[in-house]
Amino acid sequence: MQFFLQLLPSFLDGLSVTLIYWIVTLIISFLLSLPTAYLRVFGGALIRIILRFYIYIMRGTPLMLQLMFFYFGLPYLGITFSRTTAALIAFILNYTAYFTEILRGGIGSLDPGQKEAAQLLGYSRIAAYNRILLPQALKNCIPSFINEILTLLKDTCLVSILGTDELLRSAKIAAGHYATGIPFLYVGILYLLLNIPISKGLSWIEKKLSYIR
Amino acid sequence: MSILIENCCKTFRSVPVLKNVSLQIDDHEIVVLMGPSGCGKTTLIRCLCDLETPDSGRIMIHGKTLFDQQKTQDKALLKQIHQEVGLVFQNYQLFPHRTVLQNLCDAVLYQRLLSRDEAHKKALALLSQLQLLEKADVYPSELSGGQKQRVAIARACMLKPRILCFDEPTSALDQASIQQLFPILQRLRESMAVLIITHDQEFGKQIATRTILMKEINAVS
Ligand SMILES: Nc1ncnc2c1ncn2[C@@H]1O[C@H](COP(=O)(O)OP(=O)(O)OP(=O)(O)O)[C@@H](O)[C@H]1O
Ligand SMILES: [Mg+2]
(Lines give C-alpha, C1' and ligand atoms only; values in the text may rest on other atoms or scores of the structure.)
(Ligands and ions follow the chains in the order given, each with its own letter.)
Protein backbone atom coordinates (compact mmCIF):
# COMPACT_ATOMS: atom_id res chain seq x y z
CA MET A 1 0.00 0.00 0.00
CA GLN A 2 2.80 2.34 0.93
CA PHE A 3 4.52 1.48 -2.33
CA PHE A 4 1.32 2.25 -4.21
CA LEU A 5 1.02 5.64 -2.51
CA GLN A 6 4.63 6.33 -3.37
CA LEU A 7 3.90 5.66 -7.04
CA LEU A 8 0.54 7.41 -7.02
CA PRO A 9 1.71 10.88 -8.13
CA SER A 10 3.33 9.50 -11.29
CA PHE A 11 0.31 7.25 -11.88
CA LEU A 12 -1.97 10.25 -11.59
CA ASP A 13 0.12 12.14 -14.11
CA GLY A 14 -0.12 9.21 -16.50
CA LEU A 15 -3.78 8.74 -15.75
CA SER A 16 -4.59 12.37 -16.56
CA VAL A 17 -2.87 12.01 -19.94
CA THR A 18 -4.76 8.78 -20.64
CA LEU A 19 -8.07 10.35 -19.66
CA ILE A 20 -7.49 13.44 -21.78
CA TYR A 21 -6.79 11.37 -24.90
CA TRP A 22 -9.73 9.18 -24.08
CA ILE A 23 -12.28 11.95 -23.51
CA VAL A 24 -11.17 14.25 -26.34
CA THR A 25 -11.17 11.38 -28.83
CA LEU A 26 -14.49 10.14 -27.60
CA ILE A 27 -16.32 13.46 -27.81
CA ILE A 28 -14.91 14.60 -31.15
CA SER A 29 -15.22 11.19 -32.84
CA PHE A 30 -18.78 10.78 -31.64
CA LEU A 31 -19.80 14.22 -32.88
CA LEU A 32 -18.08 13.65 -36.23
CA SER A 33 -19.73 10.27 -36.67
CA LEU A 34 -23.25 11.76 -36.59
CA PRO A 35 -22.91 13.53 -39.97
CA THR A 36 -20.65 10.85 -41.47
CA ALA A 37 -23.16 8.13 -40.63
CA TYR A 38 -25.86 10.22 -42.34
CA LEU A 39 -23.70 10.57 -45.43
CA ARG A 40 -22.71 6.90 -45.29
CA VAL A 41 -26.41 5.96 -45.52
CA PHE A 42 -28.05 8.79 -47.46
CA GLY A 43 -25.15 10.53 -49.21
CA GLY A 44 -24.54 10.53 -52.95
CA ALA A 45 -22.76 7.60 -54.58
CA LEU A 46 -19.37 9.33 -54.63
CA ILE A 47 -19.53 10.38 -50.98
CA ARG A 48 -20.54 6.87 -49.95
CA ILE A 49 -17.62 5.36 -51.86
CA ILE A 50 -15.16 7.81 -50.30
CA LEU A 51 -16.48 7.06 -46.81
CA ARG A 52 -16.33 3.34 -47.43
CA PHE A 53 -12.72 3.65 -48.53
CA TYR A 54 -11.86 5.76 -45.47
CA ILE A 55 -13.51 3.23 -43.16
CA TYR A 56 -11.77 0.37 -44.96
CA ILE A 57 -8.36 1.98 -44.36
CA MET A 58 -9.07 2.82 -40.73
CA ARG A 59 -10.38 -0.61 -39.83
CA GLY A 60 -7.98 -2.53 -42.03
CA THR A 61 -4.68 -1.23 -40.66
CA PRO A 62 -3.33 -1.30 -37.08
CA LEU A 63 -4.03 1.80 -35.03
CA MET A 64 -0.35 1.79 -34.07
CA LEU A 65 0.61 2.10 -37.73
CA GLN A 66 -1.80 5.02 -38.10
CA LEU A 67 -0.23 6.75 -35.08
CA MET A 68 3.22 6.25 -36.54
CA PHE A 69 2.06 7.57 -39.91
CA PHE A 70 0.84 10.85 -38.44
CA TYR A 71 3.86 11.40 -36.19
CA PHE A 72 6.79 9.80 -38.02
CA GLY A 73 5.47 9.50 -41.57
CA LEU A 74 3.94 12.88 -42.37
CA PRO A 75 7.14 14.89 -41.68
CA TYR A 76 8.60 13.21 -44.79
CA LEU A 77 5.83 14.96 -46.73
CA GLY A 78 6.74 18.21 -45.02
CA ILE A 79 3.83 18.11 -42.55
CA THR A 80 4.82 18.09 -38.90
CA PHE A 81 2.50 17.74 -35.94
CA SER A 82 3.30 17.77 -32.25
CA ARG A 83 3.09 14.40 -30.50
CA THR A 84 -0.25 15.24 -28.95
CA THR A 85 -1.79 16.56 -32.16
CA ALA A 86 -0.57 13.64 -34.24
CA ALA A 87 -1.90 11.14 -31.71
CA LEU A 88 -5.26 12.87 -31.41
CA ILE A 89 -5.71 13.08 -35.18
CA ALA A 90 -4.96 9.36 -35.51
CA PHE A 91 -7.28 8.39 -32.67
CA ILE A 92 -10.10 10.63 -33.85
CA LEU A 93 -9.92 9.49 -37.47
CA ASN A 94 -9.79 5.86 -36.38
CA TYR A 95 -12.64 6.03 -33.91
CA THR A 96 -14.84 8.19 -36.13
CA ALA A 97 -14.64 5.35 -38.65
CA TYR A 98 -15.73 2.77 -36.06
CA PHE A 99 -18.51 4.95 -34.67
CA THR A 100 -19.74 5.66 -38.20
CA GLU A 101 -20.01 1.95 -38.92
CA ILE A 102 -21.81 1.28 -35.65
CA LEU A 103 -24.35 4.01 -36.38
CA ARG A 104 -24.78 2.88 -39.96
CA GLY A 105 -25.64 -0.58 -38.69
CA GLY A 106 -28.03 0.91 -36.13
CA ILE A 107 -29.84 2.93 -38.77
CA GLY A 108 -29.91 -0.01 -41.17
CA SER A 109 -31.59 -2.21 -38.59
CA LEU A 110 -34.50 0.19 -38.12
CA ASP A 111 -37.76 -0.53 -39.93
CA PRO A 112 -37.62 1.32 -43.27
CA GLY A 113 -41.22 2.30 -42.56
CA GLN A 114 -39.94 4.73 -39.93
CA LYS A 115 -38.25 6.82 -42.60
CA GLU A 116 -41.31 6.53 -44.84
CA ALA A 117 -43.61 7.62 -42.03
CA ALA A 118 -41.39 10.64 -41.44
CA GLN A 119 -41.45 11.45 -45.15
CA LEU A 120 -45.25 11.30 -45.25
CA LEU A 121 -45.39 13.60 -42.24
CA GLY A 122 -43.38 16.19 -44.17
CA TYR A 123 -39.91 15.72 -42.68
CA SER A 124 -36.94 16.49 -44.88
CA ARG A 125 -34.36 13.72 -45.06
CA ILE A 126 -32.01 15.44 -42.63
CA ALA A 127 -34.83 16.18 -40.21
CA ALA A 128 -36.00 12.59 -40.40
CA TYR A 129 -32.46 11.46 -39.61
CA ASN A 130 -32.00 13.88 -36.71
CA ARG A 131 -35.40 13.53 -35.11
CA ILE A 132 -36.62 10.06 -35.96
CA LEU A 133 -33.85 7.68 -37.04
CA LEU A 134 -30.81 8.84 -35.07
CA PRO A 135 -32.39 8.82 -31.59
CA GLN A 136 -33.58 5.25 -32.07
CA ALA A 137 -30.30 4.12 -33.62
CA LEU A 138 -28.28 5.68 -30.79
CA LYS A 139 -30.30 3.81 -28.21
CA ASN A 140 -29.90 0.52 -30.06
CA CYS A 141 -26.17 1.09 -30.46
CA ILE A 142 -25.37 1.63 -26.77
CA PRO A 143 -23.95 -1.90 -26.26
CA SER A 144 -21.62 -1.47 -29.26
CA PHE A 145 -20.63 1.99 -28.04
CA ILE A 146 -19.74 0.60 -24.60
CA ASN A 147 -17.49 -1.86 -26.37
CA GLU A 148 -15.70 0.78 -28.42
CA ILE A 149 -15.39 3.21 -25.53
CA LEU A 150 -13.69 0.58 -23.36
CA THR A 151 -11.45 -0.45 -26.25
CA LEU A 152 -10.45 3.18 -26.72
CA LEU A 153 -9.49 3.44 -23.05
CA LYS A 154 -7.06 0.56 -23.57
CA ASP A 155 -5.92 1.83 -26.98
CA THR A 156 -4.77 5.13 -25.48
CA CYS A 157 -1.67 3.30 -24.19
CA LEU A 158 -0.47 3.17 -27.81
CA VAL A 159 0.61 6.83 -27.58
CA SER A 160 3.52 5.60 -25.46
CA ILE A 161 5.25 4.56 -28.68
CA LEU A 162 5.45 8.27 -29.52
CA GLY A 163 7.14 8.78 -26.14
CA THR A 164 4.09 10.18 -24.36
CA ASP A 165 3.89 9.45 -20.64
CA GLU A 166 0.44 7.94 -20.26
CA LEU A 167 -0.72 5.55 -17.55
CA LEU A 168 0.89 2.34 -18.80
CA ARG A 169 4.20 4.05 -19.52
CA SER A 170 4.28 5.52 -16.02
CA ALA A 171 4.04 1.95 -14.74
CA LYS A 172 6.81 0.84 -17.06
CA ILE A 173 9.07 3.62 -15.84
CA ALA A 174 8.33 2.79 -12.20
CA ALA A 175 8.90 -0.92 -12.86
CA GLY A 176 12.29 -0.18 -14.36
CA HIS A 177 13.18 2.19 -11.56
CA TYR A 178 12.29 -0.17 -8.71
CA ALA A 179 13.11 -3.37 -10.62
CA THR A 180 9.70 -4.95 -9.86
CA GLY A 181 6.60 -5.85 -11.83
CA ILE A 182 4.21 -4.66 -9.12
CA PRO A 183 3.48 -1.26 -10.79
CA PHE A 184 1.99 -3.12 -13.76
CA LEU A 185 -0.41 -4.87 -11.41
CA TYR A 186 -1.47 -1.54 -9.90
CA VAL A 187 -2.02 -0.01 -13.32
CA GLY A 188 -4.02 -3.02 -14.45
CA ILE A 189 -6.30 -2.54 -11.47
CA LEU A 190 -6.64 1.17 -12.28
CA TYR A 191 -7.77 0.33 -15.84
CA LEU A 192 -10.29 -2.14 -14.48
CA LEU A 193 -11.64 0.39 -11.98
CA LEU A 194 -12.11 2.89 -14.81
CA ASN A 195 -14.19 0.36 -16.72
CA ILE A 196 -16.84 0.11 -14.06
CA PRO A 197 -18.39 3.60 -14.11
CA ILE A 198 -18.25 3.68 -17.90
CA SER A 199 -20.08 0.44 -18.58
CA LYS A 200 -22.40 0.82 -15.59
CA GLY A 201 -23.27 4.39 -16.54
CA LEU A 202 -24.07 3.57 -20.15
CA SER A 203 -25.99 0.43 -19.25
CA TRP A 204 -28.04 2.55 -16.87
CA ILE A 205 -28.85 4.96 -19.70
CA GLU A 206 -29.78 2.04 -21.93
CA LYS A 207 -32.14 0.73 -19.28
CA LYS A 208 -33.71 4.17 -18.85
CA LEU A 209 -34.41 4.18 -22.59
CA SER A 210 -35.91 0.70 -22.68
CA TYR A 211 -39.33 2.18 -23.47
CA ILE A 212 -38.01 2.69 -27.02
CA ARG A 213 -38.88 -0.54 -28.76
CA MET B 1 -63.09 14.96 -58.53
CA SER B 2 -60.55 14.48 -55.81
CA ILE B 3 -58.08 11.66 -56.36
CA LEU B 4 -57.31 10.52 -59.87
CA ILE B 5 -55.06 7.65 -60.87
CA GLU B 6 -54.83 7.14 -64.60
CA ASN B 7 -53.16 4.33 -66.51
CA CYS B 8 -50.53 3.80 -63.84
CA CYS B 9 -47.84 1.24 -64.59
CA LYS B 10 -45.18 0.01 -62.24
CA THR B 11 -42.58 -2.66 -62.82
CA PHE B 12 -40.28 -4.18 -60.24
CA ARG B 13 -37.15 -5.70 -61.78
CA SER B 14 -38.95 -6.17 -65.11
CA VAL B 15 -41.94 -7.84 -63.42
CA PRO B 16 -45.03 -5.74 -64.10
CA VAL B 17 -47.03 -5.18 -60.90
CA LEU B 18 -49.36 -2.38 -61.91
CA LYS B 19 -50.60 -2.49 -65.48
CA ASN B 20 -52.63 0.50 -66.63
CA VAL B 21 -54.39 0.92 -63.31
CA SER B 22 -57.01 3.65 -63.24
CA LEU B 23 -58.99 4.70 -60.20
CA GLN B 24 -60.93 7.74 -59.15
CA ILE B 25 -61.90 8.50 -55.58
CA ASP B 26 -64.20 11.32 -54.53
CA ASP B 27 -64.51 13.03 -51.17
CA HIS B 28 -66.65 11.25 -48.59
CA GLU B 29 -66.16 7.88 -50.25
CA ILE B 30 -64.88 4.83 -48.44
CA VAL B 31 -63.30 2.80 -51.20
CA VAL B 32 -62.33 -0.74 -50.31
CA LEU B 33 -59.67 -2.32 -52.46
CA MET B 34 -59.56 -6.09 -52.55
CA GLY B 35 -57.75 -8.64 -54.62
CA PRO B 36 -55.44 -11.62 -54.43
CA SER B 37 -52.14 -11.41 -52.62
CA GLY B 38 -49.40 -9.90 -54.75
CA CYS B 39 -51.74 -8.17 -57.20
CA GLY B 40 -50.26 -4.77 -56.34
CA LYS B 41 -52.64 -3.22 -53.82
CA THR B 42 -49.92 -2.03 -51.49
CA THR B 43 -47.86 -0.85 -54.43
CA LEU B 44 -50.79 1.24 -55.69
CA ILE B 45 -51.24 2.94 -52.30
CA ARG B 46 -47.50 3.52 -52.05
CA CYS B 47 -47.55 5.23 -55.45
CA LEU B 48 -50.40 7.44 -54.25
CA CYS B 49 -48.40 8.36 -51.14
CA ASP B 50 -45.24 9.04 -53.16
CA LEU B 51 -43.36 6.22 -51.47
CA GLU B 52 -43.00 4.55 -54.85
CA THR B 53 -42.75 6.26 -58.24
CA PRO B 54 -44.78 4.79 -61.11
CA ASP B 55 -43.14 4.14 -64.46
CA SER B 56 -45.88 5.85 -66.40
CA GLY B 57 -49.39 7.20 -66.03
CA ARG B 58 -50.83 10.11 -64.09
CA ILE B 59 -51.69 10.76 -60.44
CA MET B 60 -53.61 13.89 -59.51
CA ILE B 61 -54.50 14.93 -55.97
CA HIS B 62 -57.23 17.56 -55.92
CA GLY B 63 -56.07 19.06 -59.18
CA LYS B 64 -52.39 18.97 -58.17
CA THR B 65 -50.18 16.79 -60.30
CA LEU B 66 -48.07 14.35 -58.33
CA PHE B 67 -47.08 12.35 -61.36
CA ASP B 68 -47.62 12.85 -65.07
CA GLN B 69 -45.18 10.62 -66.94
CA GLN B 70 -42.68 11.96 -64.41
CA LYS B 71 -42.78 13.01 -60.79
CA THR B 72 -43.43 16.68 -60.24
CA GLN B 73 -40.24 18.69 -59.72
CA ASP B 74 -42.05 21.37 -57.75
CA LYS B 75 -40.87 20.91 -54.14
CA ALA B 76 -43.54 23.17 -52.65
CA LEU B 77 -46.29 21.37 -54.54
CA LEU B 78 -44.92 18.02 -53.43
CA LYS B 79 -45.03 19.17 -49.83
CA GLN B 80 -48.70 20.13 -50.20
CA ILE B 81 -49.47 16.78 -51.78
CA HIS B 82 -47.70 14.90 -48.96
CA GLN B 83 -49.89 16.76 -46.53
CA GLU B 84 -53.08 15.90 -48.39
CA VAL B 85 -52.42 12.17 -48.61
CA GLY B 86 -52.22 10.32 -45.31
CA LEU B 87 -51.34 6.69 -44.69
CA VAL B 88 -51.90 4.40 -41.74
CA PHE B 89 -49.21 1.75 -42.11
CA GLN B 90 -50.03 -1.89 -41.52
CA ASN B 91 -47.72 -1.83 -38.48
CA TYR B 92 -48.55 1.80 -37.71
CA GLN B 93 -44.94 3.09 -37.62
CA LEU B 94 -45.40 5.23 -34.55
CA PHE B 95 -42.17 6.81 -33.38
CA PRO B 96 -41.17 4.71 -30.36
CA HIS B 97 -39.00 7.37 -28.74
CA ARG B 98 -41.81 9.93 -28.64
CA THR B 99 -44.91 9.96 -26.46
CA VAL B 100 -48.35 9.69 -28.01
CA LEU B 101 -48.85 13.45 -27.77
CA GLN B 102 -45.43 14.09 -29.29
CA ASN B 103 -46.15 11.61 -32.09
CA LEU B 104 -49.17 13.74 -32.94
CA CYS B 105 -47.63 17.19 -32.55
CA ASP B 106 -44.05 16.79 -33.82
CA ALA B 107 -44.81 17.02 -37.54
CA VAL B 108 -47.05 20.10 -37.42
CA LEU B 109 -44.57 21.80 -35.11
CA TYR B 110 -41.64 20.87 -37.34
CA GLN B 111 -43.51 22.18 -40.39
CA ARG B 112 -44.60 25.24 -38.40
CA LEU B 113 -48.22 24.67 -39.41
CA LEU B 114 -49.49 25.36 -35.89
CA SER B 115 -48.24 26.98 -32.71
CA ARG B 116 -47.41 24.71 -29.79
CA ASP B 117 -50.65 25.59 -27.98
CA GLU B 118 -52.79 25.08 -31.08
CA ALA B 119 -51.09 21.78 -31.83
CA HIS B 120 -51.62 20.49 -28.30
CA LYS B 121 -55.24 21.58 -28.31
CA LYS B 122 -55.90 19.87 -31.62
CA ALA B 123 -54.04 16.73 -30.61
CA LEU B 124 -55.89 16.43 -27.32
CA ALA B 125 -59.22 16.92 -29.08
CA LEU B 126 -58.37 14.12 -31.51
CA LEU B 127 -57.18 11.86 -28.71
CA SER B 128 -60.36 12.39 -26.74
CA GLN B 129 -62.47 11.58 -29.82
CA LEU B 130 -60.52 8.35 -30.14
CA GLN B 131 -60.73 7.54 -26.43
CA LEU B 132 -57.01 7.90 -25.97
CA LEU B 133 -56.85 10.95 -23.77
CA GLU B 134 -55.36 9.12 -20.80
CA LYS B 135 -52.62 7.75 -23.08
CA ALA B 136 -51.34 11.17 -24.16
CA ASP B 137 -48.08 10.95 -22.21
CA VAL B 138 -47.44 7.26 -22.73
CA TYR B 139 -44.85 5.79 -25.09
CA PRO B 140 -46.09 3.60 -27.99
CA SER B 141 -44.50 0.47 -26.49
CA GLU B 142 -47.14 0.64 -23.74
CA LEU B 143 -50.13 0.64 -26.12
CA SER B 144 -52.24 -2.23 -27.45
CA GLY B 145 -52.44 -2.84 -31.20
CA GLY B 146 -55.81 -1.13 -31.52
CA GLN B 147 -54.62 1.84 -29.50
CA LYS B 148 -51.50 2.15 -31.66
CA GLN B 149 -53.69 2.17 -34.76
CA ARG B 150 -55.88 4.91 -33.37
CA VAL B 151 -52.79 6.96 -32.52
CA ALA B 152 -51.58 6.46 -36.10
CA ILE B 153 -54.97 7.66 -37.37
CA ALA B 154 -54.84 10.69 -35.09
CA ARG B 155 -51.28 11.45 -36.17
CA ALA B 156 -52.31 11.38 -39.83
CA CYS B 157 -55.33 13.58 -39.11
CA MET B 158 -53.17 16.28 -37.53
CA LEU B 159 -52.12 17.26 -41.07
CA LYS B 160 -55.75 17.47 -42.29
CA PRO B 161 -55.35 15.04 -45.20
CA ARG B 162 -57.91 14.96 -48.02
CA ILE B 163 -57.55 11.21 -48.32
CA LEU B 164 -56.45 8.68 -45.71
CA CYS B 165 -55.19 5.28 -46.86
CA PHE B 166 -55.18 2.12 -44.75
CA ASP B 167 -53.15 -0.98 -45.59
CA GLU B 168 -54.92 -3.99 -44.08
CA PRO B 169 -56.22 -2.16 -40.99
CA THR B 170 -57.92 -5.21 -39.49
CA SER B 171 -55.15 -7.76 -40.00
CA ALA B 172 -53.68 -7.32 -36.52
CA LEU B 173 -56.87 -6.51 -34.62
CA ASP B 174 -59.27 -8.62 -32.54
CA GLN B 175 -63.02 -8.46 -33.18
CA ALA B 176 -63.64 -5.84 -30.48
CA SER B 177 -61.03 -3.49 -31.94
CA ILE B 178 -62.44 -4.01 -35.44
CA GLN B 179 -65.86 -3.01 -34.16
CA GLN B 180 -64.32 0.14 -32.68
CA LEU B 181 -62.90 1.01 -36.08
CA PHE B 182 -66.29 1.37 -37.85
CA PRO B 183 -67.47 4.62 -36.23
CA ILE B 184 -63.98 6.07 -36.55
CA LEU B 185 -63.89 5.43 -40.31
CA GLN B 186 -67.43 6.78 -40.70
CA ARG B 187 -66.38 9.93 -38.91
CA LEU B 188 -63.23 10.34 -41.03
CA ARG B 189 -65.39 10.08 -44.11
CA GLU B 190 -67.20 13.29 -43.17
CA SER B 191 -64.09 15.33 -43.90
CA MET B 192 -62.05 13.26 -46.34
CA ALA B 193 -61.93 10.27 -48.63
CA VAL B 194 -60.87 6.91 -47.25
CA LEU B 195 -59.09 4.16 -49.17
CA ILE B 196 -58.81 0.78 -47.50
CA ILE B 197 -56.93 -2.34 -48.56
CA THR B 198 -58.29 -5.44 -46.88
CA HIS B 199 -58.54 -9.19 -47.21
CA ASP B 200 -61.36 -9.19 -44.66
CA GLN B 201 -64.48 -9.66 -46.82
CA GLU B 202 -66.89 -9.14 -43.95
CA PHE B 203 -65.25 -5.91 -42.82
CA GLY B 204 -64.89 -4.65 -46.38
CA LYS B 205 -68.52 -5.29 -47.22
CA GLN B 206 -69.74 -3.49 -44.11
CA ILE B 207 -67.60 -0.38 -44.37
CA ALA B 208 -67.37 0.23 -48.11
CA THR B 209 -69.33 2.79 -50.04
CA ARG B 210 -67.62 1.26 -53.06
CA THR B 211 -65.66 -1.96 -53.42
CA ILE B 212 -63.07 -2.54 -56.08
CA LEU B 213 -61.48 -5.79 -57.09
CA MET B 214 -57.91 -5.14 -58.07
CA LYS B 215 -58.15 -7.59 -60.98
CA GLU B 216 -60.89 -5.39 -62.40
CA ILE B 217 -58.79 -2.26 -62.24
CA ASN B 218 -55.97 -4.01 -64.02
CA ALA B 219 -58.37 -4.85 -66.81
CA VAL B 220 -59.39 -1.23 -67.28
CA SER B 221 -56.89 0.03 -69.81
N1 LIG C 1 -39.84 -3.01 -53.50
C2 LIG C 1 -40.14 -4.07 -54.25
N3 LIG C 1 -39.20 -4.67 -55.00
C4 LIG C 1 -39.48 -5.73 -55.77
N5 LIG C 1 -40.70 -6.28 -55.88
C6 LIG C 1 -41.70 -5.73 -55.16
C7 LIG C 1 -41.47 -4.61 -54.31
N8 LIG C 1 -42.65 -4.29 -53.72
C9 LIG C 1 -43.54 -5.17 -54.18
N10 LIG C 1 -42.99 -6.03 -55.04
C11 LIG C 1 -43.69 -7.13 -55.75
O12 LIG C 1 -44.83 -6.57 -56.35
C13 LIG C 1 -45.93 -7.44 -56.25
C14 LIG C 1 -47.11 -6.72 -55.61
O15 LIG C 1 -46.80 -6.41 -54.28
P16 LIG C 1 -47.85 -5.70 -53.33
O17 LIG C 1 -47.22 -5.61 -51.97
O18 LIG C 1 -48.29 -4.44 -53.93
O19 LIG C 1 -49.04 -6.74 -53.29
P20 LIG C 1 -50.37 -6.73 -52.44
O21 LIG C 1 -51.51 -6.73 -53.40
O22 LIG C 1 -50.33 -5.64 -51.44
O23 LIG C 1 -50.29 -8.15 -51.73
P24 LIG C 1 -50.78 -8.55 -50.26
O25 LIG C 1 -52.26 -8.68 -50.34
O26 LIG C 1 -50.11 -9.88 -50.04
O27 LIG C 1 -50.30 -7.50 -49.32
C28 LIG C 1 -45.46 -8.63 -55.45
O29 LIG C 1 -45.22 -9.68 -56.37
C30 LIG C 1 -44.19 -8.18 -54.82
O31 LIG C 1 -43.29 -9.25 -54.72
MG1 LIG D 1 -50.13 -5.55 -49.34
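Proteins get letters first, then strands, A, B, ... in listed order; numbering begins at 1 in each. Keep in mind it's a predicted model, so treat the numbers as computed, not measured. Values below: every heavy atom of this structure, side chains too, minus hydrogens, waters and symmetry copies.
Residue Ile81(B): no heavy atom, backbone or side chain, is found under 4.5 Å from chain A. Both the backbone and the side chain of Asp50(B) come within contact range of chain A, each with at least one heavy atom under 4.5 Å from a heavy atom of that chain. For chain A, no part of Val108(B) is nearby; none of its heavy atoms comes within less than 4.5 Å. With a threshold of 4.5 angstrom between heavy atoms, Arg46(B) approaches chain A through side-chain atoms but not through N, CA, C or O.
Under the 30°/60° scheme for interplanar angles, the aromatic rings of Tyr123(A) and Phe95(B) are found to stand perpendicular.
Of all heavy-atom pairs spanning Gly122(A) and Lys79(B), the tightest one is O-CE, 4.4 Å. Between His97(B) and Arg131(A) the shortest heavy-atom distance is NE2-O, 2.7 Å. Across all non-hydrogen atoms, the minimal contact from Gln136(A) to Pro96(B) is OE1-CG, 3.2 Å. Pairing each heavy atom of Leu159(B) with each of Leu120(A), the nearest pair is CD1-O, 4.1 Å.
Heavy-atom contacts from other residues, nucleotides or ligands closer than 6.0 Å to OH of Tyr56(A) number 12 or fewer. Other residues, nucleotides and ligands contribute over 12 non-hydrogen atoms within 6.0 Å of the NZ atom of Lys122(B). The neighbour count for Lys121(B) NZ, taken as heavy atoms of other residues, nucleotides or ligands under 6.0 Å away, does not exceed 12. Shown here is Arg52(A), whose CZ atom has no more than 12 heavy atoms of other residues, nucleotides or ligands within 6.0 Å.
Taking NZ of Lys115(A) as the reference point, atom CD of Gln93(B) lies at 12.5 Å (rounded to 0.5 Å).
For the 3.5 Å distance criterion, the side chains of Ser124(A) and Tyr110(B) qualify, holding a donor opposite an acceptor.
Under the 4.5 Å side-chain criterion, counting only non-hydrogen atoms from C-beta, Met158(B) is not in contact with Leu121(A).
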